[in-house]
Amino acid sequence: TAGYTGDKTVFQIGSGVGTGLQDLVRLLEERSRLRFASVDMQPIRACDVRENVLDISDTVRTLGWTPHISLADGIDQTLEVLRTASKRAE
């Protein structure tokens, strides 16, 4: 991807697998070992998006990029970077 010379500047990056808000909050709390949020579920409205899954086919085709890190592993890696940065700042 570093050698990309095309005109397109925005690409969708995702797993192609949808994750619900409650599942994401649960996963963040499990991985961080913190309880920091609650989700107040309300009945779905006609204007609400039921599911949003990024279409990464153009990214795969144009850049040859495919996801290889799970959401859980990505959260773990992000938390480790944040913890390391926090320790350096102390």
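The shown structure was predicted, so the numbers you read here are calculated from the model rather than taken from an experiment. Values below: all heavy atoms of this structure, side chains included; hydrogens, waters and symmetry mates excluded.
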(message) When you group the ILVMFWY residues by side-chain heavy-atom contacts below 4.5 Å and let the links chain together, are Trp65 and Tyr4 in the same group?
(response) yes

(message) Among Asp73, Thr78, Leu71, which residue satisfies the side-chain contact (heavy atoms from CB on, under 4.5 Å) criterion with Ile75?
(response) Leu71

(message) Testing the basics here: between Glu29 and Arg35, what is the closest heavy-atom pair and its distance to 0.1 Å?
(response) OE1-NH1, 3.3 Å

(message) In the structure I gave you, are the side-chain heavy atoms of Asp76 and Glu80 within less than 4.5 Å of one another anywhere?
(response) no

(request) State the CG-CZ distance between Leu79 and Arg33, to the nearest 0.5 angstrom. (result) 9.5 Å

(request) Decide whether Leu54 and Val60 are clustered together by the hydrophobic rule: side chain heavy atoms of Ile, Leu, Val, Met, Phe, Trp, Tyr closer than 4.5 Å, transitively. (result) yes

(request) Can you see which heavy atom on Pro43 is nearest to which on Asp48, and at what distance? (result) O-OD2, 4.4 Å

Per-pair distances, 0.1 Å, donor-acceptor, side chain in residues 9-28, under 3.5 Å, sequence neighbours excluded:
{"unit_1": "Ser15", "atom_1": "OG", "unit_2": "Val17", "atom_2": "N", "d": "3.0"}
{"unit_1": "Ser15", "atom_1": "OG", "unit_2": "Val17", "atom_2": "O", "d": "3.2"}
{"unit_1": "Arg26", "atom_1": "NH1", "unit_2": "Glu30", "atom_2": "OE1", "d": "3.4"}
{"unit_1": "Arg26", "atom_1": "NH1", "unit_2": "Glu30", "atom_2": "OE2", "d": "3.0"}

(message) Are there over 12 heavy-atom neighbours, none belonging to Lys87, within less than 6.0 Å of that residue's NZ?
(response) no

